[in-house]
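Every number for a ligand or one of its atoms is a count from 1 in the order of the listing. No experiment lies behind these values; they were computed from the predicted model shown. Along the sequence shown, the residues carry numbers beginning at 1.
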Amino acid sequence: MKTIAIIPAAGIGKRIDSGVPKQFLKINGKEIIAYTLSVFQKNKLIDEIVVPAQREYFDLLNDIKRKYGFTKLVKIIEGGEERQDSVFAALKNSGAENTDFIAVHDAARPLLSQELLTKAIFEARKHNCIVTAIKARDTLIVGNDNVTDYLDRNKIYYAQTPQIFQYGILMEAMIKAEAGNFKGTDESMLVNKYSGKVKIVEGETINFKITTKPDLELFRQIISSSG
Ligand code: CTP
Ligand code: MG
């Protein structure tokens with residue numbers, strides 16, 4: 001039984017709009033995706049890493065692989081139009097078997113801790129499908145300019161990655177989603193809809209996704225203050 005990480009990196013980073021896609025920006029001399037890949041390279045429970053990316057960044061990814069010694073990065077494959085297409089392409093090329101585990105983690109979440117990754121893998125082995133998520137802490141308003149209602153925050157979570165699934169279960173969900181022309185914003189949504197129960201594993205605030213310029217600035221500050 002293998003655990004294979006899929007690190008989607010085929011996005012263009014529209015909301016940051018910095019010339020190169022955000023995952024390839026260098027912060028303190030190191031590409032954001034290299035911070036992310038280091039976490040998976042170092043974790044003993046991870047066997048292999050597959051990265052879907054745009055073809056024009058294959059050379060850069062191979063350079064990054066060589067420079068940092070990412071020996072587990074066994075496949076760089078062409079991503080798709082949307083994140084779901086990129087993950088599906090990686091899944092089809094992963095060479096995984098039904099009982100292997102697939103850990104999907106955004107390239108743009110470079111602050112995943114070893115502790116959370118390890119905990120998430122053990123939980124996946126127990127429950128087959130898990131999503132890391134943060135329980136809502138603030139008051140949750142429904143509105144459009146003015147407040148119209150409030151949600152019960154005890155029932156609301158913010159989904160993060162890693163999300164880990166048995167290969168066979170995730171594959172079934174992705175095939176059905178494609179057949180039904182359904183686009184989800186993450187894998188947990190597809191598995192929940194088409195193929196099985198997804199267990200929530202408490203995530204970490206620090207494991208935020210670099211989505212906007214202020215997120216990028218926050219990451220820069222965290223990296224510079226940690227030496
Ligand atoms: N991603 C991908 N393939 C796509 C779109 C996104 O592999 N077609 C990846 C991104 O590279 C990123 C992760 O999915 O690591 C999360 O997506 P997001 O934060 O939305 O990144 P982008 O799509 O690049 O950003 P934006 O939505 O602002 O364009
Ligand atoms: Mg996007």
Side-chain angles (χ1 to χ4, degrees), residues 4-27 30-41 46 48-62 64-65 68 70 73-94 102-112 116-117 120 131-134 158-165 170 173-174 177-178 181-191 203-220 222-223:
I4 301 173
I6 293 180
I7 312 289
I12 55 169
K14 261 198 306 280
R15 285 168 286 186
I16 287 189
D17 193 23
S18 59
V20 325
K22 58 193 179 186
Q23 58 275 22
F24 300 117
L25 289 175
K26 277 191 175 174
I27 305 291
K30 181 169 167 180
E31 300 79 1
I32 288 175
I33 192 172
Y35 289 93
T36 310
L37 289 170
S38 295
V39 178
F40 288 83
Q41 175 70 32
I46 297 291
E48 290 173 5
I49 304 170
V50 180
V51 174
Q54 294 176 61
R55 198 161 278 282
E56 61 187 292
Y57 293 101
F58 281 16
D59 286 348
L60 176 57
L61 271 167
N62 277 309
I64 289 171
K65 174 181 170 165
Y68 300 99
F70 292 143
L73 175 51
V74 291
K75 282 176 191 144
I76 298 168
I77 59 116
E78 185 154 24
E81 189 105 337
E82 302 203 27
R83 185 179 178 288
Q84 185 174 322
D85 305 315
S86 299
V87 172
F88 196 25
L91 200 62
K92 285 190 262 192
N93 282 281
S94 64
I102 302 289
V104 183
H105 182 71
D106 298 321
R109 288 186 196 268
L111 291 171
L112 169 63
L116 178 55
L117 177 56
V131 58
T132 56
I134 303 262
Y158 300 98
Q160 298 190 324
T161 67
Q163 308 193 352
I164 311 179
F165 313 90
L170 179 57
M174 295 208 94
E178 190 181 49
N181 211 8
F182 176 81
K183 292 284 180 198
T185 46
D186 71 0
E187 293 66 47
S188 73
M189 200 185 279
L190 305 185
V191 171
E204 291 175 344
T205 312
I206 194 77
N207 183 29
F208 64 91
K209 181 161 69 68
I210 300 176
T211 305
T212 60
K213 285 215 162 98
D215 297 334
L216 188 62
E217 209 33 59
L218 178 61
F219 177 61
R220 197 189 306 276
I222 291 168
I223 289 301

task = For the pair Lys22 (side chain) and Ile210 (backbone), establish whether a donor and an acceptor sit closer than 3.5 Å, ignoring hydrogens and angles.
result = yes
task = May I ask you to decide if Gly79's main-chain N or O and Ser86's side chain share a donor-acceptor pair within less than 3.5 Å?
result = no
inquiry  = I'd like to know if the side chain of Lys65 and the backbone of Leu73 have a donor-acceptor N/O pair within less than 3.5 Å.
reply    = yes
message = Parallel, tilted or perpendicular: which one describes the rings of Tyr57 and Phe24, with boundaries at 30° and 60°?
response = parallel
task = In plain terms, say whether Asp186 and Arg83 are close enough for a salt bridge, that is, a side-chain N and a carboxylate O under 4.0 Å apart.
result = no
inquiry  = Please check: side-chain N/O of Glu48 versus main-chain N/O of Val74, any donor-acceptor pairing under 3.5 Å?
reply    = no
request  = Output the set of protein residues with a heavy-atom contact under 4.0 Å to ligand 1, ordered first by chain identifier and then by residue number.
outcome  = Pro8, Ala9, Ala10, Gly11, Ile12, Gly13, Lys14, Arg15, Lys22, Gln23, Gly80, Glu81, Glu82, Arg83, Ser86, Asp106, Ala107, Ala108, Lys209
